[in-house]
Amino acid sequence: MDKTVLRAPFAPAPRGLLTGSPSLSPRPPYFVTSRTGRTTTQRLITYTTDPQTPKLPGIFVSALRG
């Protein structure tokens, strides 16, 4: 069995109109509320194993939709 440790901020960069600091940063794919987390992660893994520039737009689009 493999073990993975992910170190990242618990909350994304400041976002929301309630805090007065909206942000266009995408929701991290490991958040439970990320709608496209699985797709984004799969595309990132595919890109990591075989880095090709044409794959990047799909990753960005998926991350921004999350």
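Keep in mind the model is a prediction, meaning the values are calculated, not measured.
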Tell me, which pairs form a salt bridge (Lys or Arg N to Asp or Glu O under 4.0 Å) where one or both residues lie in residues 37-46, sequence neighbours left out? none
Polar side-chain atom of Ser62 near backbone of Gly58 as donor-acceptor pair, under 3.5 Å: no
Between Arg65 and Arg35 the two heavy atoms that sit nearest each other are O-NH2, 2.5 Å
Report the residues that fulfil side chain to side chain contact (heavy atoms under 4.5 Å, CB included) with Tyr47, sequence neighbours left out, ordered by chain and then residue number. Pro51, Lys55, Leu56, Ile59
Atom CG of Leu44 and atom OG1 of Thr39: how far apart are they, to the nearest 0.5 Å? 11.0 Å
